[in-house]
Amino acid sequence: MKNKTNKGTVDTAPETAPAVSEEKKEDQPKNNSREKIAGTKGEALIIVNDLFKSFGDHKVLRGITTEIDKGEVVAIIGPSGCGKSTFLRSLNLLEVPDSGTIRFEGTDITDKSVDINKMREKMGMVFQQFNLFRNLTIKQNIMLAPTKLGKMTKEQASARADELLKRIGLSDKANAYPGSLSGGQQQRVAIIRALAMNPDVMLFDEPTSALDPEMVGEVLSLMKELADTGMTMVIVTHEMGFAREVADRVLFIIEGVIAEENTPDEFFANPVNPRLKDFLSKVL
Ligand SMILES: Nc1ncnc2c1ncn2[C@@H]1O[C@H](COP(=O)(O)OP(=O)(O)O)[C@@H](O)[C@H]1O
Ligand SMILES: [Mg+2]
């Protein structure tokens, strides 16, 4: 189970990957002895196979293969522009890959006959910029998707919103508008808004990057709490301490491939790829 070939990674680069310059090959680990980690919890929720995506002639994803298990927390790190957001957004088809497959709960969501909106209902997404509806109250924001998509009656959605707001200590903000909340509060609301749909996985794209430093902690604590409940989470982040503490596995993406992946302890203590070593020396 743990020893699957992970052909999207650099050191076992697929033949279909674009030619890498000699110089870049030099950067890659010389041995393939490191065991590939397919998922750390045993039961796959998302299986990504050989994902490619270009924008024009810019090849952004160049063969990403990985598995995300039920209950697993996967942190994704890498330099700006390496394809982290594109990869994350591909997981719920906000970006449509050029080739490769994504199986979510057994269904290949890249198959054109799949009702992607149904699939997306099970995949919560949290963005850097919160993306709350400014003209709706906090409670209306939380109730919107479950009621609009017919998942809950108004009463059910209202009860769920109350419960979630209580959980994050923002019951008194139910009727406030997003603009009157701090960034940290807005992002916590964005997280519970996604949770209101009872998703099977939560995707986070740099959820704390737009926050003032003093508000990062409250958002990370909520995410940690969520991880502790067993939620499957895929998190693009620059918060290395958080990745180390909360993730089951950390992926390093560079130039559209997974150049290294490991359990957080190994990943941070014994990085192998020179690009990762260099990256960590700059961010740690
Ligand atoms: N919709 C798009 N159209 C054209 N280029 C894009 C688009 N989205 C992303 N890119 C480019 O793809 C590359 C990877 O972007 P992204 O996945 O956002 O990187 P990251 O999240 O790692 O910073 C960047 O060079 C970016 O400019
Ligand atoms: Mg990004």
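Both counts, for ligands and for their atoms, begin at 1 and track the order of listing. From a predicted model like this one, the values you see are computed outputs, not experimental measurements. Position 1 is the first residue of the sequence; numbering continues from there.
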Backbone or side-chain N or O of Phe87 under 3.5 Å from ligand 1 N or O: no
Looking only at protein heavy atoms, which one is nearest to atom 3 (N) of ligand 1, and what is the separation? Phe55 CD2, 3.5 Å
Can you find a non-hydrogen atom of Gly78 under 4.0 Å from ligand 1? no
Of all the non-hydrogen atoms in the protein, which one sits nearest to atom 14 (C) of ligand 1, and at what distance? Gly81 O, 3.3 Å
Output the list of atoms in ligand 1 that are nearer than 4.0 Å to some heavy atom of Ser85, sorted by atom number. 17 (O), 18 (O), 20 (P), 21 (O)
Do Thr147 side-chain atoms and Met143 backbone N/O form a donor-acceptor pair below 3.5 Å? yes
Pair Lys41 + Glu72, salt bridge at N-O below 4.0 Å: no
Asp205/Lys84 ion pair, N-O < 4.0 Å: no
By residue and atom, what protein N/O/S atoms are less than 2.8 Å from the Mg ion (ligand 2)? Ser85 OG
Flag the pair Lys166 and Asp162 as a salt bridge only when some basic side-chain nitrogen lies within less than 4.0 angstrom of an acidic carboxylate oxygen. no
Test of proximity, Val60 against ligand 1: N or O pairs below 3.5 Å: no
With a 4.5 Å cut-off on side-chain heavy-atom distances among I, L, V, M, F, W and Y, is there a chain of contacts connecting Val219 to Val236? no
Check the pair Glu255, Lys59 against salt bridge (charged side-chain N to carboxylate O under 4.0 Å, His left out), reporting the backbone distance first and the verdict last. CA-CA 8 Å; Glu255 294 172 3; Lys59 296 179 168 67; over 6 Å; no
If the cut-off is 4.0 Å to any non-hydrogen atom of Thr86, which atoms of ligand 1 fall inside it? 15 (O), 16 (P), 17 (O)
Is Arg160 reaching over with its side chain to a backbone N or O of Leu195, donor-acceptor style, under 3.5 angstrom? yes
Please answer: with hydrophobic residues joined when any side-chain heavy atoms are less than 4.5 Å apart, are Phe242 and Ile68 in the same cluster? no
Worked verdict on Asn141 versus Arg193 for side chain to side chain donor-acceptor pair (under 3.5 Å): CA-CA 7 Å; Asn141 264 281; Arg193 178 179 63 170; 3.3 Å; yes
Reported CG-to-CE distance for the pair Leu88 and Met123, which is rounded to 0.5 angstrom: 9.5 Å
Is atom 12 (O) of ligand 1 less than 4.0 angstrom from at least one protein heavy atom? yes
Could you identify the single nearest non-hydrogen protein atom to atom 25 (O) of ligand 1 and state the distance to 0.1 Å? His58 CE1, 3.0 Å
